[in-house]
Amino acid sequence: MANTKTKQPRHFLSLLDLSSDELRSLVARASELKKMQHAGEIHEPLKNQTLGMIFEKSSTRTRVSFETGMTQLGGHALFLSPRDTQLDRGEPIEDSARVMSRMVDCIMIRTFEHEKVDLFAANSRVPVINALTDLLHPCQLIADMQTYFEHRGDIKGKTVTWVGDGNNMCNSYINAARQFDFKLNIACPEGYDPITEIMDPAGDRCQIIRDPMEAAAGSDLVVTDVWASMGQEEEQAKREKAFAIYQVNDDVMAQANNDALFMHCLPAHRGEEVSASVIDRPDSVVWDEAENRLHSQKALLEMLLC
Ligand code: CP
Ligand code: NVA
């Protein structure tokens with residue numbers, strides 16, 4: 001198993017690590033796996049395989065979906081908190097990657113600096129999955145795309161509006177716009193733009209429109225995220241001021257197309273980045289979006305490990 005592997009592992013650190021066709025297949029497979037699971041069909045291609053899960057930040061959805069997904073695929077998941085491993089006591093990332101990847105079959109990491117997952121992957125014999133860094137959250141995007149496809153069909157040529165911080169989720173939406181070929185309007189306050197290294201290669205697919213009402217006009221999907229991400233807690237008060245008009249509420253949704261969807265990776269703060277009236281609508285798809293983390297990551301594990 002893990003220590004007999006000789007070929008170079010395939011990692012998933014960014015949406016750009018897979019081709020557009022591969023991402024589309026992944027989304028289709030996620031919907032297939034969802035149907036199979038809902039029908040009670042047992043599908044265990046990962047028997048005897050172990051996923052190591054390193055969490056340096058909190059998580060509900062990511063931990064529960066990866067752990068449950070491995071169980072459903074017939075494998076096992078190992079929760080590794082830096083507090084209880086040697087990672088917090090200064091063992092180098094490179095050494096940890098070399099050691100863990102001789103034992104487990106895949107490693108999932110949620111951390112702060114993106115460079116850490118790059119370094120880990122460069123020293124790993126097995127696939128490494130980025131489960132969120134300060135820069136990117138690609139696993140959330142495959143679930144979001146699956147959710148859009150399931151509710152509205154292909155997202156190619158559609159218009160998506162991002163309202164809020166130019167953060168890890170926004171960066172991942174920019175990469176998704178390139179890979180799935182949709183138009184992305186970004187409504188963020190000055191000083192909170194996504195970084196140019198991510199923005200520039202997307203060309204004219206992505207544009208910044210400061211006014212959220214103007215940005216949402218004619219959109220097929222409106223997305224937001226918290227104003228202060230994990231690690232930015234001390235900036236909460238400053239950000240509340242900067243983002244005061246960047247709330248997705250009924251007025252913003254009224255600018256979008258009639259059948260526009262609203263998405264949020266969760267956890268959400270009602271009354272801040274989204275009003276309760278928008279997130280709690282009876283037809284809100286945020287719960288499908290959260291569930292799809294399970295199915296889309298099962299499709300990802302299958303693609304990387306089978
Ligand atoms: N959306 C998401 O990644 O949620 P968690 O932080 O709960 O894992
Ligand atoms: N931008 C948020 C996403 C949480 C899933 C954060 O990084 O905290």
Side-chain angles (χ1 to χ4, degrees), residues 12-15 30 51 53-70 77 79-82 107-117 129-148 162-176 184 186-189 192-195 198 221-236 238-240 242-243 246-248 261-270 272-274 279 284-298 300-301:
F12 183 67
L13 309 184
S14 152
L15 287 180
L51 171 72
M53 305 190 301
I54 301 171
F55 280 98
E56 296 197 320
K57 287 177 176 173
S58 305
S59 167
T60 297
R61 279 143 289 270
T62 305
R63 178 175 178 186
V64 175
S65 54
F66 268 112
E67 198 161 331
T68 306
M70 279 305 284
F79 177 73
L80 299 161
S81 148
I107 295 164
M108 185 234 81
I109 311 179
R110 169 169 284 197
T111 189
F112 293 85
E113 304 86 359
H114 189 80
E115 295 69 29
K116 261 194 192 175
V117 294
I129 297 172
N130 173 8
L132 183 146
T133 61
D134 291 342
L135 187 72
L136 296 171
H137 193 7
C139 289
Q140 183 68 51
L141 259 291
I142 46 174
D144 285 21
M145 292 299 103
Q146 181 191 350
T147 309
Y148 191 88
W162 174 267
V163 179
D165 193 14
N167 63 11
N168 45 11
M169 276 297 299
C170 179
N171 289 336
S172 301
Y173 260 93
I174 297 169
N175 286 344
L184 181 66
I186 300 169
C188 57
Y192 296 92
D193 292 4
I195 58 170
I198 300 272
L221 168 64
V222 179
V223 195
T224 191
D225 185 15
V226 290
W227 290 340
S229 285
M230 289 182 275
Q232 298 171 334
E233 289 77 7
E234 74 292 348
E235 294 177 29
Q236 179 68 29
K238 180 179 136 205
R239 283 170 173 266
E240 276 175 23
F243 287 91
Y246 291 88
Q247 182 189 77
V248 179
L261 296 178
F262 167 76
M263 289 192 202
H264 189 312
C265 62
L266 306 178
H269 296 82
R270 289 167 177 78
E272 291 186 24
E273 76 276 4
V274 61
I279 197 168
S284 181
V285 300
V286 298
W287 317 116
D288 290 341
E289 182 188 0
E291 178 189 333
N292 283 341
R293 294 293 304 280
L294 170 67
H295 310 296
S296 56
Q297 287 160 195
K298 281 170 71 181
L300 176 66
L301 290 162

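Index from 1, following the sequence. For ligands, and for the atoms within them, numbers begin at 1 and follow the listed sequence. Below, all heavy atoms of this structure are taken into account, side chains as well, without hydrogens, waters or symmetry copies.
A heavy-atom distance below 4.5 Å is not found between the side chains of His137 and Asp225. Side-chain contact check for Ile107 versus Leu80: every heavy-atom pair is 4.5 Å or farther apart. Annotation: side chain of Cys139 is in contact with side chain of Phe66 (closest heavy-atom distance under 4.5 Å).
The contact set between ligand 2 and Leu132, taken as ligand atoms under 4.0 Å from a residue heavy atom, comprises 3 (C), 4 (C), 5 (C), 7 (O). Of all the atoms in ligand 2, the ones that sit under 4.0 Å from a non-hydrogen atom of Asn167 are 1 (N). Here is the list of ligand 1 atoms found below 4.0 Å of a heavy atom in His137: 2 (C), 3 (O). Using a 4.0 Å cut-off to heavy atoms of Leu266, the atoms of ligand 2 that qualify are 5 (C).
Trp162 approaches Met169 most closely through the heavy-atom pair CH2-CB, 3.3 Å.
Residue contacts with ligand 1: Cys265 is placed with a nitrogen or oxygen under 3.5 Å of a nitrogen or oxygen of the ligand (distance criterion only). By the 3.5 Å distance cut-off applied to N or O atoms, Ser229 is counted among the residues near ligand 2. Looking at ligand 1, you'll find an N or O of Leu266 within less than 3.5 Å of one of its N or O atoms. For the pair Arg110 and ligand 2, the shortest N or O to N or O distance does not fall below 3.5 Å. Some N or O of Met230 is nearer than 3.5 Å to an N or O of ligand 2, by distance alone. Residue Asn168 places at least one N or O, backbone or side chain, under 3.5 Å from an N or O of ligand 2. Between Arg63 and ligand 1, no pair of N/O atoms sits closer than 3.5 Å.
Of the heavy atoms in Asp165, none comes closer than 4.0 Å to ligand 2. In Lys57, neither the side chain nor the backbone holds a heavy atom less than 4.0 Å from any atom of ligand 1.
Looking only at protein heavy atoms, the nearest one to atom 6 (O) of ligand 1 is Arg110 NH1, 2.8 Å. Taking atom 4 (O) of ligand 1 as the reference point, the nearest protein heavy-atom neighbour is Arg61 NE, 2.8 Å. For atom 7 (O) of ligand 1, the closest heavy atom belonging to the protein is Thr60 N, 2.7 Å. The shortest contact between atom 3 (C) of ligand 2 and any protein heavy atom is with Asp225 OD2, 3.6 Å.
No salt bridge links Asp134 with Lys116; every basic N to acidic carboxylate O contact stays at or beyond 4.0 Å.
For the 3.5 Å distance criterion, the side chains of Ser65 and Gln297 qualify, holding a donor opposite an acceptor.
A heavy-atom separation below 4.0 Å is found between Arg293 and ligand 1.
Tested against Ser14, the residues Asn130, Asn171, Leu136 include a single side-chain contact (heavy atoms from CB on, under 4.5 Å) partner, Leu136.
Taking the six-membered ring where tryptophan is involved, the planes of Trp227 and Phe243 are essentially parallel, since the angle between them stays under 30° and well short of 60°.
Rounding to the nearest 0.5 angstrom, the gap separating the CE atom in Met108 from the CG atom in Leu132 is 9.5 Å.
Within the 3.5 Å criterion, the main-chain N or O of Glu272 finds a donor-acceptor partner in the side chain of Gln247. Counting only distance, with no hydrogens or angles, the side chain of Thr224 and the backbone of Gly164 share no donor-acceptor pair below 3.5 Å.
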